[in-house]
Amino acid sequence: MKKPTRKKATAKQLLQTHSNLIHSEDRKVTSHVQRDDGEWYLNTLMVEGCDVPFKYRRKEHYRCLKGARVNLTYYPETETVAGMEFEFMKVVRIRQS
C-alpha cells in the first residue's frame with residue numbers, strides 16, 4: 001500500500017507563514033562539512049559573500065555541495081560556545097539550483 005504523499009511547502013508559502021524567514025537564491029557553496037551527530041548528520045555550509053555558517057541536519061549522509069549553487073530558506077540564530085555567542089543561519093529548506 002502506498003503512503004499518501006504530503007505536499008511540501010514552497011519557499012513563497014513559508015515566507016508568507018513565517019515573517020522572520022529569509023530566502024536566498026542561486027548562492028554558491030564555498031565549503032560543505034558533514035559531521036556525525038548521533039542519529040543525525042550535522043551539515044555546515046559556507047556561502048560565497050557571507051561570513052556566517054549555514055547549518056542544517058539530515059538523517060542520511062549527503063553528497064558534497066562544494067561548488068554547487070543552492071536556494072536557501074533560513075533564519076538567523078545564535079549559540080553560546082564557551083561563554084561566547086556565535087551567529088549562524090538555521091536552514092529550513094535547501095534546494096540545489
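Atoms considered below: every heavy atom in the structure, side chains included; atoms not considered: hydrogens, waters and symmetry mates.
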A.B. asks: Tell me, do V92 and L21 make a side-chain contact under 4.5 Å, heavy atoms counted?
C.D. replies: yes

A.B. asks: Can you tell me which residue pairs pass the salt bridge (charged side-chain N to carboxylate O under 4.0 Å, His left out) test with a partner in residues 52-69, sequence neighbours excluded?
C.D. replies: D37-R57, E39-K59, K55-E79

A.B. asks: Does Y74 have any ring pair (Phe, Tyr, Trp, His ring centres under 6.0 Å) partners at least two apart in sequence or in another chain, and if so, which?
C.D. replies: F54

A.B. asks: Could you name each residue pair satisfying salt bridge (charged side-chain N to carboxylate O under 4.0 Å, His left out) that touches residues 21-33, not counting sequence neighbours?
C.D. replies: none

A.B. asks: At what distance, to the nearest 0.5 angstrom, does CG of N43 lie from CD1 of I94?
C.D. replies: 8.0 Å

A.B. asks: With the 4.5 Å side-chain cut-off for hydrophobic clustering, are M46 and V52 part of the same group?
C.D. replies: no

A.B. asks: Please table the atom pairs, donor to acceptor, closer than 3.5 Å between any side-chain atom in residues 83-90 and protein atoms at least two apart or in another chain.
C.D. replies:
none

A.B. asks: State, to 0.1 Å, how close N71 and S97 come at their nearest heavy-atom pair, and which atoms those are.
C.D. replies: OD1-OG, 3.0 Å

A.B. asks: Mind checking side chain to side chain donor-acceptor pair (under 3.5 Å) for T80 and listing every partner two or more places apart, or none if nothing turns up?
C.D. replies: none

A.B. asks: Do L45 and Y56 make a side-chain contact, defined as non-hydrogen atoms from C-beta onward lying under 4.5 Å apart?
C.D. replies: yes

A.B. asks: Report yes or no: do L65 and V33 belong to one cluster of Ile/Leu/Val/Met/Phe/Trp/Tyr joined by side chain heavy-atom distances under 4.5 Å?
C.D. replies: no

A.B. asks: Drop me the distance from L42's CG to R35's CZ, to the nearest 0.5 angstrom.
C.D. replies: 6.0 Å

A.B. asks: Do any pairs count as a ring-ring contact (aromatic ring centres under 6.0 Å, His included) and have a residue in residues 27-48, sequence neighbours left out, and if so which ones?
C.D. replies: Y41-H61

A.B. asks: Do P76 and I22 touch side chain to side chain, with heavy atoms closer than 4.5 Å?
C.D. replies: yes

